[in-house]
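Accompanying notes for the structure given below.
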Amino acid sequence: MLFALLCKDKPGHLNVRMETRPTHLAYLDKLNAEGKLSMAGPFLDDEGKACGSLVLVKAETAQEAKALADADPYAQAGLFESVEIKPFNWVFNKPEA
């Protein structure tokens with residue numbers, strides 16, 4: 001099952017995002033190699049600066065998706081103000097379709 005992780009950065013934490021980015025990308029690379037990552041990328045503010053993340057993961061349960069979200073270096077660094085986890089049905093332009 002797919003889950004969308006909708007992550008909103010804390011205001012004024014762009015420096016945390018940039019400092020943590022290399023370990024975050026390594027974590028996403030690991031998830032990708034394990035077949036658990038479908039897609040990921042940042043949300044942008046009006047100035048084009050990252051202000052959150054959308055991560056689409058494959059997990060058996062919402063609890064497993066939450067564990068993947070909690071293990072993200074961004075989450076561990078305290079970057080996120082909130083993280084919503086929602087089941088997702090990828091209908092259009094799904095690579096495997």
Side-chain angles (χ1 to χ4, degrees):
M1 176 174 236
L2 292 174
F3 291 89
L5 312 179
L6 303 159
C7 309
K8 181 178 177 183
D9 291 4
K10 291 177 182 173
H13 277 64
L14 183 58
N15 63 318
V16 173
R17 175 177 278 276
M18 298 315 294
E19 291 168 3
T20 312
R21 189 169 190 268
T23 55
H24 166 73
L25 294 178
Y27 177 69
L28 293 181
D29 281 337
K30 176 181 167 284
L31 291 183
N32 194 46
E34 295 171 351
K36 295 179 182 178
L37 180 68
S38 292
M39 60 83 61
F43 291 115
L44 304 176
D45 65 15
D46 293 339
E47 297 174 359
K49 295 180 182 173
C51 62
S53 298
L54 171 60
V55 181
L56 197 60
V57 296
K58 297 173 189 171
E60 295 295 319
T61 64
Q63 292 80 14
E64 182 183 341
K66 183 178 181 335
L68 294 173
D70 290 345
D72 187 321
Y74 279 168
Q76 293 180 349
L79 174 62
F80 299 134
E81 179 177 275
S82 64
V83 177
E84 276 188 83
I85 300 171
K86 295 183 172 265
F88 184 77
N89 182 20
W90 195 340
V91 177
F92 288 98
N93 297 324
K94 185 175 181 181
E96 298 90 30

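All values reported here derive from a predicted model rather than from experimental measurement.
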Q) According to a 4.5 Å side-chain heavy-atom criterion applied to Ile, Leu, Val, Met, Phe, Trp and Tyr, with indirect links allowed, do Val55 and Trp90 form part of one hydrophobic cluster? A)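 No; tracing contacts between hydrophobic side chains, which count when under 4.5 Å, never links both residues.
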Separation between [atom1] of [X] and [atom2] of [Y], rounded to the nearest 0.5 Å:
{"X": "Tyr27", "Y": "Leu68", "atom1": "OH", "atom2": "CG", "answer": "4.5 Å"}
{"X": "Asn32", "Y": "Leu25", "atom1": "CG", "atom2": "CG", "answer": "11.5 Å"}
{"X": "Glu64", "Y": "Met1", "atom1": "CD", "atom2": "CE", "answer": "12.0 Å"}
{"X": "Lys10", "Y": "Cys51", "atom1": "NZ", "atom2": "SG", "answer": "15.5 Å"}
{"X": "Thr23", "Y": "Lys30", "atom1": "OG1", "atom2": "NZ", "answer": "13.0 Å"}
{"X": "Asp70", "Y": "Gln63", "atom1": "CG", "atom2": "CD", "answer": "11.5 Å"}

(Q) One pair to check against side chain to side chain contact (heavy atoms under 4.5 Å, CB included): Phe3 and Leu56. What are the steps and the verdict? (A) CA-CA 6 Å; Phe3 291 89; Leu56 197 60; over 6 Å; no
Side chains of [X] and [Y]: does their closest heavy-atom pair fall under 4.5 Å?
{"X": "Asp9", "Y": "Leu14", "result": "no"}
{"X": "Val57", "Y": "Phe88", "result": "no"}
{"X": "Thr20", "Y": "Leu79", "result": "no"}

Where is the tightest heavy-atom contact between [X] and [Y], given as atom of each residue plus distance?
{"X": "Tyr74", "Y": "Asp72", "result": "N-OD1, 2.8 Å"}
{"X": "Gly52", "Y": "Arg17", "result": "O-NH2, 3.0 Å"}
{"X": "Ser38", "Y": "Leu2", "result": "OG-CD2, 3.3 Å"}
{"X": "Leu54", "Y": "Leu6", "result": "CD1-CD2, 3.6 Å"}
{"X": "Ile85", "Y": "Ala65", "result": "CG2-CB, 4.0 Å"}
{"X": "Pro11", "Y": "Glu81", "result": "CD-OE1, 3.3 Å"}

[atom1] ([X]) with more than 12 external heavy atoms under 6.0 Å:
{"X": "Lys8", "atom1": "NZ", "value": "no"}
{"X": "Lys58", "atom1": "NZ", "value": "yes"}
{"X": "Glu60", "atom1": "CD", "value": "no"}

